[in-house]
Q: 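Starting off with a structure, shown below.
Counting convention: from 1, in listed order, for ligands and their atoms alike.
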Amino acid sequence: MQHRQSMIEVVDLVKQFGDYTAVDAVSFQVAEGEVFGLLGPNGAGKSTTIKMLTTLLPPTGGQATVVGYDILRHANAVRRHIGYVPQALSADGSLTGRENLLVFASLYDLPRATRKAKAQEVLTFMGLTDVADRLVRTYSGGMIRRLEIAQAMLHNPQVLFLDEPTVGLDPVARKAVWEHLEQIRTQTGMTIFLTTHYMEEADNLCDHVAIMHQGKIVALDTPNALKAQLKTPNATLDDVFAHYTGNTLESGGSYRDTARTRRTARRLG
Ligand SMILES: Nc1ncnc2c1ncn2[C@@H]1O[C@H](COP(=O)(O)OP(=O)(O)OP(=O)(O)O)[C@@H](O)[C@H]1O
């Protein structure tokens with residue numbers, strides 16, 4: 001059951017909601033230690049794909065393994081080996097950062113004697129030591145995101161899934177999240193799977209990028225290879241996206257991003 005050629009293997013994965021096909025026979029592989037980006041506009045099927053791979057949503061068809069375990073037959077084993085940072089807020093604004101981590105440490109059932117030290121370790125790793133004992137509702141959006149990543153790393157998962165990790169963040173906060181993700185990859189060797197609709201994010205962080213459009217993967221390669229295939233001088237990933245889908249992606253600051261940011265602020269009180 002456990003085979004290690006790749007950390008994620010997806011074959012013809014399908015998700016239908018009624019008559020609507022949100023994910024349409026998607027196939028790809030993610031090698032151990034790489035950062036893999038699923039890039040696409042709102043509604044492309046990215047979140048639905050990540051929810052199936054994290055065992056939150058059963059597929060309608062196809063197969064997938066994560067860390068060698070089948071997402072349907074061995075869902076519990078998948079859950080033990082992955083970390084997940086959802087789009088929706090996963091930190092409690094009325095607790096401190098450290099308290100949030102201790103809640104997650106107990107949820108993951110880490111040995112009691114190790115919980116405090118492990119919380120401190122991930123706080124340091126994500127650059128949150130100075131604010132660890134402040135209420136999360138006083139954190140900036142970027143700090144909250146880094147705390148959520150810290151929460152998802154507590155049990156040393158082999159694959160970290162992040163759904164739009166920097167949506168709604170300003171460019172400085174976004175860059176800080178990128179730097180920390182890069183550090184996770186180099187220092188822990190963790191495999192990282194993220195969804196994004198930011199070209200710059202995919203270009204900066206990802207070893208491989210799959211472009212998703214209307215439920216299908218229309219291109220998959222390294223960012224440089226995707227750009228080189230266009231044969232246009234100085235092609236960008238935006239050009240690649242336009243080439244494969246006939247559309248351009250907004251570069252952020254959309255109504256939807258703003259709505260999400262406001263929702264986050266409101267929930268933190
Ligand atoms: N539970 C559901 N029931 C019906 N339709 C759904 C459901 N979840 C998602 N969809 C539809 O499936 C399509 C893909 O949604 P999905 O959330 O996967 O897209 P996305 O690429 O992640 O975009 P976003 O950034 O908006 O989350 C959308 O058209 C969405 O409306």
Q: Does Gly45 reach ligand 1 with a nitrogen or oxygen that is under 3.5 Å from one of the ligand's nitrogen or oxygen atoms?
A: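 Such a contact does occur with ligand 1.
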Q: Have a look at ligand 1 and work out which part of Glu164, if any, has a heavy atom under 4.0 Å from it: side chain, backbone, both or neither.
A: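 The answer is the side chain.
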Q: For Glu99, does the CD atom have more than 12 heavy-atom neighbours from other residues, nucleotides or ligands under 6.0 Å away?
A: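 For Glu99, atom CD is crowded (more than 12 foreign heavy atoms under 6.0 Å).
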Q: Indicate yes or no: does an N/O atom of Ala44 lie under 3.5 Å from an N/O atom of ligand 1?
A: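 Looking only at distances, the answer is yes, because the N/O contact criterion of under 3.5 Å is met.
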Q: Should Asp163 and Lys51 count as an ion pair when the cut-off is N to O under 4.0 Å?
A: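 Salt bridge: no.
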Q: Would you kindly specify which portion of His197 sits under 4.0 Å from ligand 1, judged on non-hydrogen atoms: side chain, backbone, both or neither?
A: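 It is neither; nothing of His197 touches ligand 1.
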Q: Has Gln63 got more than 12 heavy atoms of other residues, nucleotides or ligands less than 6.0 Å from its CD?
A: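 No, the 6.0 Å shell around CD holds no more than 12 heavy atoms from other groups.
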Q: Who's closest to atom 28 (C) of ligand 1 heavy-atom-wise, of Gly43, Gly40, Pro41?
A: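 Closest candidate by heavy-atom distance is Gly43.
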Q: Given the rule that I, L, V, M, F, W and Y join up when any side-chain heavy atoms are under 4.5 Å apart, are Met143 and Trp178 in one cluster?
A: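 Yes, Met143 connects to Trp178 through the hydrophobic network.
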Q: Check each atom of ligand 1 against the heavy atoms of Lys46 and keep those under 4.0 Å away; list them by number with element.
A: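 Near Lys46, the atoms of ligand 1 are 18 (O), 19 (O), 20 (P), 21 (O), 22 (O), 23 (O), 25 (O).
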Q: Step through the shown structure and confirm whether more than 12 heavy atoms of other residues, nucleotides or ligands are within 6.0 Å of CZ on Arg134.
A: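 Counting neighbours around CZ of Arg134, more than 12 heavy atoms of other residues, nucleotides or ligands fall under 6.0 Å, so yes.
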